[in-house]
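Note on naming: letters A, B, ... go to the chains in the order of the sequence lines (proteins, then strands), and numbering restarts at 1 for each one.
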Amino acid sequence: MLQIYNSLSRQKELFTPREPGKVGMYVCGITVYDYCHIGHARMFIVFDVLYRHLQALGLDVTYVRNVTDVDDKIIARAAQNNEPVDVLTDRFIDAMIEDETALNVLRPTHEPRATAAIDQMVALIDVLIEKGMAYAADNGDVYYSVSKFAGYGKLSGRKLEDMRAGERVAVDHHKHDPMDFVLWKSVKPGEPSWPSPWGEGRPGWHIECSAMAKSLLGEQFDIHGGGMDLQFPHHENERAQSEAAHDKTFANYWMHNGFVRVDEEKMSKSLDNFFTVREVLKEYTGEELRFFIVNSHYRSALNYSTAQLDAARAALQRLYTSLRGTLNNANAGIEQSYVDRFNESMNDDLNTAEAFAVLFDLAGEINKLDSPESAQATKLANTLRALGDRLGLLQADPEAALQGAPAKSGDLSSSDIDALIAERNTARAEKNWQRSDDIRDQLAQAGITLEDAGGKTTWRRS
RNA sequence: GGCUGAAUGGCAGAGUGGCUAUGCACCGGAUUGCAAAUCCGUUUACCUCGGUUCGACUCCGGGUUCAGCCUCCA
């Protein structure tokens, strides 16, 4: 019985799909004008874990995550680079896919691009105007009349009066009400545009998601997700548009992931304190970054630091070390009690931190066994790999994972390392401990840790 | 100013009205030529002030601090 925290009701609710056995899920993706940062990575990973969990529960999930490929920032960046908008967006979409692959994020069922759904947006705006919920201003813009939607503010927990009282909403004389937001922006010189009944122009950001969700999931669906900062105004507006147009509930459950912070401050472009995924991947593996993100609850704030990534590496080393030497036999069976515990944690609003305790318990049990190749060890290792996969982790060959981390210092090749290990073992056979220890120290300097066990010497990056 | 949310041991991070989270680090032991890895054991908590209760880190109320949203933002 899955319970998820619904931002709309501000409490955990039992998850009941609209159609038994099926789930429609929409997540707001990114605006492609730059490389993905750790905050984007968190969104990808959080909803990837949810996607995997829903599937593990036997549900047939249609997962839609859009790509916003037309927007002020994209246009500005393309102009700055002196390149066409689509060349810029294609490049960053490719980069995004590379990053996701490195983080072992599954591709959503559909990844619609806003520019391919303009017709649906125009149609939706048309419906809103027909219903008197929107109006075309004399400057060619179309606005949504916020005051005509009774439930406005419910998702973000704010009142229209409070918002109006705020001084931070810029006054625009084309709007009937300062809170009204734009559905269609009239064309400006040099900008991409499409024809519409209100003249050439381009869609506002909010209408994109309403239109793409409708065309791929229908007028109603189960889960709508995104970053915490999208709750207002983006999701509030999406909800207002879709519910006003269709006269029915839009998404039943709204989920928002917490932020990544740096020095206890939100990671963002404007604060210029962000780290891109590819930057971090120079020093850490995608799996280490993923572990760091999955290690804490998806709604809590997550403080980024290299100390945290180091801790993720150490934790992952413990898990992989327990798998070392075990047989990778998918038919070895599953120890159900661990799976049950794992599911119980995951069913509690994706309590991944608690679920991890199950993985570490499994690692401890495997370590206690006499032989990693015993039937029981194989079964437990099989269970550990299966549960790891539920979180998108532990699928690599243990030895490769332990040796594959990017070196933090030094840059010895594996053949250099093997040669030194061979020389050291010769010295050890001669009980030349001085020479043996010198070599071990030398490797330690280069970030290589040696382990002599069972008559064999293995190594890993530390 | 309005509205959310959070405060747990050296660090990270779950959770519970009375019972070991977990990982890393630390300490003692086993193992090892010495290490590493592993195993066994130990130590270190619940922002503050009041209240409810036989008993509160856990529930209620006040306070303090921090973060987020109210403007593009995952």
Peer 1: Where do A/Asp48 and A/Arg52 land on the salt bridge (charged side-chain N to carboxylate O under 4.0 Å, His left out) test, with the steps shown first?
Peer 2: CA-CA 6 Å; A/Asp48 182 60; A/Arg52 288 169 190 260; 2.9 Å; yes
Peer 1: In whole Å, I'd like the distance from the CZ atom of A/Phe232 to the P atom of B/rA74.
Peer 2: 17 Å
Peer 1: Which nucleotide wins on minimum distance to the side chain of A/Thr31, given the candidates B/rC69, B/rA74, B/rA14?
Peer 2: B/rA74
Peer 1: Can you name the closest pair of heavy atoms from A/Gln395 and A/Glu287 and give their distance?
Peer 2: N-OE2, 4.3 Å
Peer 1: Starting at CG of A/Leu289 and ending at C1' of B/rA74, how long is that distance when rounded to a whole Å?
Peer 2: 14 Å
Peer 1: Dot-bracket for RNA chain B: what is it, with Watson-Crick or G-U pairs under 3.5 Å, [ ] where a pair crosses earlier ones, and | for a pair to another strand?
Peer 2: (((((((..(((.....[...)))..((((.......)))).....(((((..]....))))))))))))....
Peer 1: Distance check needed: B/rC72 C1' versus A/Arg77 CZ, whole Å only.
Peer 2: 13 Å
Peer 1: So what does A/Phe259 hit on the nucleic acid, given a heavy-atom distance under 4.0 Å: a base, only sugar-phosphate, or nothing?
Peer 2: base
Peer 1: Test A/Ser7 against every option in A/His256, A/Gln231, A/Arg299 by the side chain to side chain donor-acceptor pair (under 3.5 Å) rule and name the one that passes.
Peer 2: A/His256
Peer 1: Quick one: is the NZ or CZ of A/Arg158 closer than 6.0 Å to the six-membered ring centre of A/Phe232, and within 45° of its axis?
Peer 2: yes
Peer 1: Report the C-alpha separation of A/Arg341 and A/Glu344 in whole Å, then their side-chain angles, then the decisive distance to 0.1 Å, and conclude whether the salt bridge (charged side-chain N to carboxylate O under 4.0 Å, His left out) test is met.
Peer 2: CA-CA 5 Å; A/Arg341 272 178 64 202; A/Glu344 205 176 317; over 6 Å; no
Peer 1: In terms of the nearest nucleotide of RNA chain B, which residue is placed more toward the 5' end: A/Gly29 or A/Phe356?
Peer 2: A/Phe356
Peer 1: OP1 or OP2 of B/rA74 less than 4.0 angstrom from a side-chain nitrogen or oxygen of A/Lys269, does that happen here?
Peer 2: no
Peer 1: Flag the pair A/Tyr35 / A/Phe92 as yes when their ring centroid distance falls below 6.0 Å, and as no otherwise.
Peer 2: yes
Peer 1: Under a 4.0 Å heavy-atom cut-off, which of residues 147-156 of chain A touch RNA chain B?
Peer 2: none
Peer 1: Rounding to an integer number of Å, can you tell me how far A/Asn351 CG sits from B/rG23 P?
Peer 2: 16 Å
Peer 1: Spell out protein contact along nucleotides 35-40 of chain B as letters: B when the base is contacted, S when just the sugar-phosphate is, - when no protein heavy atom is under 4.0 Å; keep the 5' to 3' order.
Peer 2: BBSSSS
Peer 1: Looking for any heavy atom pair under 4.0 Å, which part of the strands does A/Ala311 touch: base, sugar-phosphate only, or nothing?
Peer 2: nothing
Peer 1: Verify the distance criterion only: is there a donor paired with an acceptor across the side chains of A/Arg428 and A/Asn425 at less than 3.5 Å?
Peer 2: yes
Peer 1: Closest approach of A/Ile439 and A/Leu420, non-hydrogen atoms and distance?
Peer 2: CG2-O, 3.6 Å
Peer 1: Start at the 5' end of RNA chain B and walk down; is the nucleotide closest to A/Asp437 or to A/Leu302 reached first?
Peer 2: A/Leu302
Peer 1: For a side chain to side chain contact (heavy atoms under 4.5 Å, CB included) check, start with the C-alpha distance between A/Asp348 and A/Lys12, then their side-chain angles and the critical distance, and finish with the verdict.
Peer 2: CA-CA 9 Å; A/Asp348 181 16; A/Lys12 284 185 199 173; 2.7 Å; yes
Peer 1: Where do A/Leu384 and A/Tyr338 land on the side chain to side chain contact (heavy atoms under 4.5 Å, CB included) test, with the steps shown first?
Peer 2: CA-CA 9 Å; A/Leu384 178 51; A/Tyr338 291 94; over 6 Å; no
Peer 1: Which part of the nucleic acid does A/Gly39 contact within heavy-atom distance under 4.0 Å: base, sugar-phosphate only, or nothing?
Peer 2: base
Peer 1: In this structure, how many angstroms lie between the P atom of B/rU22 and the CZ atom of A/Phe342, rounded?
Peer 2: 18 Å
Peer 1: Taking the same atom, C1', in B/rU53 and in B/rU58, what whole-Å distance lies between them?
Peer 2: 13 Å
Peer 1: Which atoms form the tightest heavy-atom contact between A/Tyr5 and A/Asp349, and what is the distance?
Peer 2: N-OD1, 2.9 Å
Peer 1: Just the rounded figure in Å: distance from P of B/rA14 to CE of A/Met346.
Peer 2: 14 Å
Peer 1: How close or far is atom P of B/rA74 from atom CG of A/Leu271, stated in whole angstroms?
Peer 2: 14 Å
Peer 1: Taking atom C1' of B/rC73 as reference, at what distance in whole Å does atom CD of A/Glu265 sit?
Peer 2: 14 Å
Peer 1: Of the nucleotides B/rG13, B/rC24, B/rG2, which has the atom closest to the A/Ala314 side chain?
Peer 2: B/rC24
Peer 1: How is A/Ser300 classified with respect to the nucleic acid when contacts are heavy atoms under 4.0 Å: base, sugar-phosphate, or nothing?
Peer 2: sugar-phosphate
Peer 1: Can you name the nearest heavy-atom pair linking A/Ser462 to A/Ile448, along with the distance?
Peer 2: OG-N, 4.3 Å
Peer 1: Looking at every strand, decide which applies to A/Val46 at a 4.0 Å heavy-atom threshold: base, sugar-phosphate, or nothing.
Peer 2: nothing
Peer 1: For a quick check of understanding: with a heavy-atom distance under 4.0 Å over all strands, which category does A/His37 fall into, base, sugar-phosphate or nothing?
Peer 2: base
Peer 1: Mark yes or no for a side-chain to base donor-acceptor pair under 3.5 Å between A/Lys73 and B/rC73, with no hydrogen or angle criteria applied.
Peer 2: no
Peer 1: Does OP1 or OP2 of B/rG23 have a side-chain N or O of A/Asn295 closer than 4.0 Å?
Peer 2: no
Peer 1: Is it the case that atom CG in A/Asp441 sees more than 12 heavy atoms from other parts of the structure closer than 6.0 Å?
Peer 2: yes
Peer 1: Less than 5.5 Å between centroids and less than 30° between ring planes, does A/Trp433 satisfy that with B/rG33?
Peer 2: yes
